[in-house]
Amino acid sequence: MADIWMIGDVQGCYGSLCELLTHPEIHSNPDAQFWFAGDVVNRGPNSLSALKTVMALGDRAVSVLGNHDLHLLAVAAGVQKMTKSDTLSDILNAPDAQEMIDWLRHCPLAHYDHGHLMVHAGVLSKWTVEKTLALASEVETALRGPNWKTALQKMYGNDPTQWKDDFHGSKRFRVIINALTRMRMCNIQGHMEFSMKGAPVTGGTLMPWFDVPDRAIKNETIVFGHWSTLGLMIRPDAICLDTGCVWGRQLTALRLHDHKLIQVPCVASQTPHSH
């Protein structure tokens with residue numbers, strides 16, 4: 001099979017993305033495929049070029065939607081306003097802004113192949129691979145449809161923190177999006193807790209979502225980004241690839257079949273001024 005490189009959060013770090021894609025080990029295989037763990041844009045200095053670079057990879061790349069990608073869609077839809085730390089105006093002001101927004105709207109929230117399930121943030125403990133893909137598909141269908149702007153209005157809020165099969169409407173939509181694009185910590189029952197964004201701590205009542213007991217996905221690997229304070233983590237059941245390039249650390253690629261690791265440093269000129 002062709003090499004598959006799984007890549008952590010780019011967040012507008014175009015210089016580092018170029019360096020990664022031209023690394024001899026990656027560049028030497030013209031058929032290589034790329035899985036991006038979401039948050040291609042925002043906070044870094046060149047969201048426009050980063051997004052265009054991923055789009056230009058065409059069928060060789062799949063990029064799951066992250067919370068910053070969804071935020072860009074929400075700003076474009078008029079549902080959210082830009083914040084001081086956003087670096088999205090170069091995309092929104094581009095002559096082909098609509099093309100980029102439409103491309104993002106058609107990105108998946110979950111991608112599965114070769115025993116690896118990629119999402120941006122995490123998977124609730126009761127969800128199987130099949131269930132995760134089915135629920136992701138519900139949101140994907142809404143984002144790809146004519147009423148996508150209305151759909152995005154439903155995604156903001158921290159409640160509910162757990163999944164119930166009989167949820168419908170905005171509750172259902174919000175839990176799916178929050179789990180797949182925002183979740184980090186959970187309680188022992190697997191309910192999401194959004195207040196903690198730092199590195200996981202042990203000994204409290206909360207735990208990383210991937211350590212919740214009796215998770216439904218045991219024998220396959222969940223690959224995610226979103227958690228720069230956790231950083232690189234490679235376990236049989238969970239792989240975190242967000243190594244905080246946008247905060248001056250590295251951009252990481254991991255080859256799926258043999259876990260060959262390639263990291264490039266943050267390009268100094270692309271470090272943002274503030275978190």
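The shown structure was predicted, so the numbers you read here are calculated from the model rather than taken from an experiment.
Put simply, OH on Tyr112 and CE on Met118 are 14.0 Å apart, with the number rounded to the nearest 0.5 Å. Note that SG of Cys240 is 9.5 Å distant from NE2 of His226, once rounded to the nearest 0.5 Å. A distance of 5.5 Å separates OG in Ser47 from CG in Leu88, rounded to the nearest 0.5 Å. Atoms OG and CE, on Ser63 and Met55 in that order, are 11.0 Å from each other to the nearest 0.5 Å. Atom CD of Gln33 and atom CD1 of Ile4 lie 6.5 Å apart (nearest 0.5 Å). Atom-to-atom distance recorded for Ser228:OG and Arg249:CZ is 5.5 Å, nearest 0.5 angstrom.
Within the 4.5 Å cutoff, no side-chain heavy atoms of Pro160 are placed close to those of His191. Residues Trp227 and Met185 form a side-chain contact, since some pair of their non-hydrogen atoms from C-beta on lies under 4.5 Å apart. Using a 4.5 Å heavy-atom threshold, the side chains of Leu261 and Leu232 count as touching. Contact annotation: the side chain of Thr161 never approaches that of Asn178 to less than 4.5 Å [non-hydrogen atoms, C-beta and beyond]. Within the 4.5 Å cutoff, the side chain of Val175 has heavy atoms near those of the Met192 side chain. No side-chain heavy atom of Val129 sits less than 4.5 Å from a side-chain heavy atom of Ile222. Between Trp5 and Ile262, some side-chain heavy-atom pair lies under the 4.5 Å cut-off. Using a 4.5 Å heavy-atom cutoff, the side chains of Thr181 and Leu70 are in contact.
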Inset, instruction - Check the pair Ser89, Met82 against side chain to side chain contact (heavy atoms under 4.5 Å, CB included), reporting the backbone distance first and the verdict last. - result: CA-CA 9 Å; Ser89 28; Met82 290 244 282; 3.7 Å; yes
Inset, instruction - Determine, stepwise, if the pair His259 / Ile234 fulfils side chain to side chain contact (heavy atoms under 4.5 Å, CB included). - result: CA-CA 9 Å; His259 287 181; Ile234 303 173; 3.6 Å; yes
Inset, instruction - Start with the C-alpha distance between Asp69 and Asp39, add both sets of side-chain angles, then the distance that settles side chain to side chain contact (heavy atoms under 4.5 Å, CB included), and finish with yes or no. - result: CA-CA 5 Å; Asp69 307 314; Asp39 282 1; 4.0 Å; yes
Inset, instruction - List the steps, then state whether side chain to side chain contact (heavy atoms under 4.5 Å, CB included) holds for Glu140 with Leu109. - result: CA-CA 7 Å; Glu140 291 159 12; Leu109 273 127; 3.9 Å; yes
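For residues 182-204, no pair satisfies salt bridge (charged side-chain N to carboxylate O under 4.0 Å, His left out), with sequence neighbours left out. Residues in residues 61-106 take part in no ring-ring contact (aromatic ring centres under 6.0 Å, His included) pair, two or more places apart or across chains. Screening residues 222-243 for salt bridge (charged side-chain N to carboxylate O under 4.0 Å, His left out), with sequence neighbours left out, gives Asp211-Arg235, Arg215-Asp237, Arg235-Asp237. Residue pairs meeting the ring-ring contact (aromatic ring centres under 6.0 Å, His included) criterion with at least one partner in residues 150-175, sequence neighbours excluded, are Trp127-Trp163. Sorted by first then second residue, the salt bridge (charged side-chain N to carboxylate O under 4.0 Å, His left out) pairs that include residues 108-126, not counting sequence neighbours, number zero. Residue pairs meeting the salt bridge (charged side-chain N to carboxylate O under 4.0 Å, His left out) criterion with at least one member in residues 23-32, sequence neighbours excluded, are Glu25-Arg255, Glu25-Lys260.
Under the 4.5 Å side-chain contact rule for hydrophobic residues, Leu206 and Phe194 share a cluster. If you chain together hydrophobic residues whose side chains sit under 4.5 Å apart, Val79 and Ile101 fall into the same group. Hydrophobic clustering places Leu20 together with Leu48 (ILVMFWY residues linked when any side-chain heavy atoms are closer than 4.5 Å, directly or through intermediates). By the criterion of side-chain heavy atoms lying less than 4.5 angstrom apart, applied directly or through intervening Ile, Leu, Val, Met, Phe, Trp or Tyr residues, Met183 is not grouped with Ile188; the two fall into different hydrophobic clusters. No path of Ile, Leu, Val, Met, Phe, Trp and Tyr side chains, each step under 4.5 Å between heavy atoms, connects Met196 with Val212, placing them in separate hydrophobic clusters.
In plain terms, the two heavy atoms of Ala50 and Leu17 that are nearest each other are O-CD2, 3.9 Å. Residues Arg60 and Ala32 share a closest heavy-atom pair of NE-O, 2.9 Å. The shortest non-hydrogen separation linking Arg174 to Lys154 is NE-O, 3.2 Å. Leu241 and Met6 get closest at one heavy-atom pair: CD1-O, 3.4 Å. For Ser16 against Cys266, the heavy-atom pair with the smallest separation is OG-CA, 3.5 Å. Taking every heavy atom of both residues into account, Ile26 and Phe34 meet most closely at CG2-CE2, 3.6 Å.
With sequence neighbours excluded, the residues that form a ring pair (Phe, Tyr, Trp, His ring centres under 6.0 Å) with Phe224 are Trp209, Phe210. Residues passing the ring pair (Phe, Tyr, Trp, His ring centres under 6.0 Å) test with His116, sequence neighbours excluded: none. Asp90 meets the salt bridge (Lys or Arg N to Asp or Glu O under 4.0 Å) test with no other residue; sequence neighbours excluded. Contacts of Arg172 classified as salt bridge (Lys or Arg N to Asp or Glu O under 4.0 Å), with partners at least two apart in sequence or in another chain: Glu138. The salt bridge (Lys or Arg N to Asp or Glu O under 4.0 Å) search around Arg105 returns Asp102, not counting sequence neighbours. Here Asp159 pairs with nothing under the salt bridge (Lys or Arg N to Asp or Glu O under 4.0 Å) rule; sequence neighbours left out.
No more than 12 heavy atoms of other residues, nucleotides or ligands lie within 6.0 Å of CG in Asp59, so this atom counts as exposed by the packing criterion. More than 12 heavy atoms of other residues, nucleotides or ligands lie within 6.0 Å of CG in Asp258, so this atom counts as buried by the packing criterion. For Lys81, the NZ atom counts as loosely surrounded, since its 6.0 Å shell holds 12 or fewer non-hydrogen atoms of other residues, nucleotides or ligands.
Using modelled atom types, one finds a donor on one side chain and an acceptor on the other under 3.5 Å when comparing Arg43 with Ser85. Counting only N and O atoms by type, the side chains of Asn42 and Asp86 include a donor and acceptor under 3.5 Å apart.
Side-chain N or O atoms of Thr221 include one that pairs as donor or acceptor with a backbone N or O of Pro236 at under 3.5 Å.
Ion pairing of Asp165 with Lys131 is present here, as a side-chain N (NZ or NE/NH1/NH2) and a carboxylate O approach within less than 4.0 Å.
Tyr14 pairs with exactly one of Val40, Asn46, Val267 by the side chain to side chain contact (heavy atoms under 4.5 Å, CB included) rule, that one being Asn46.
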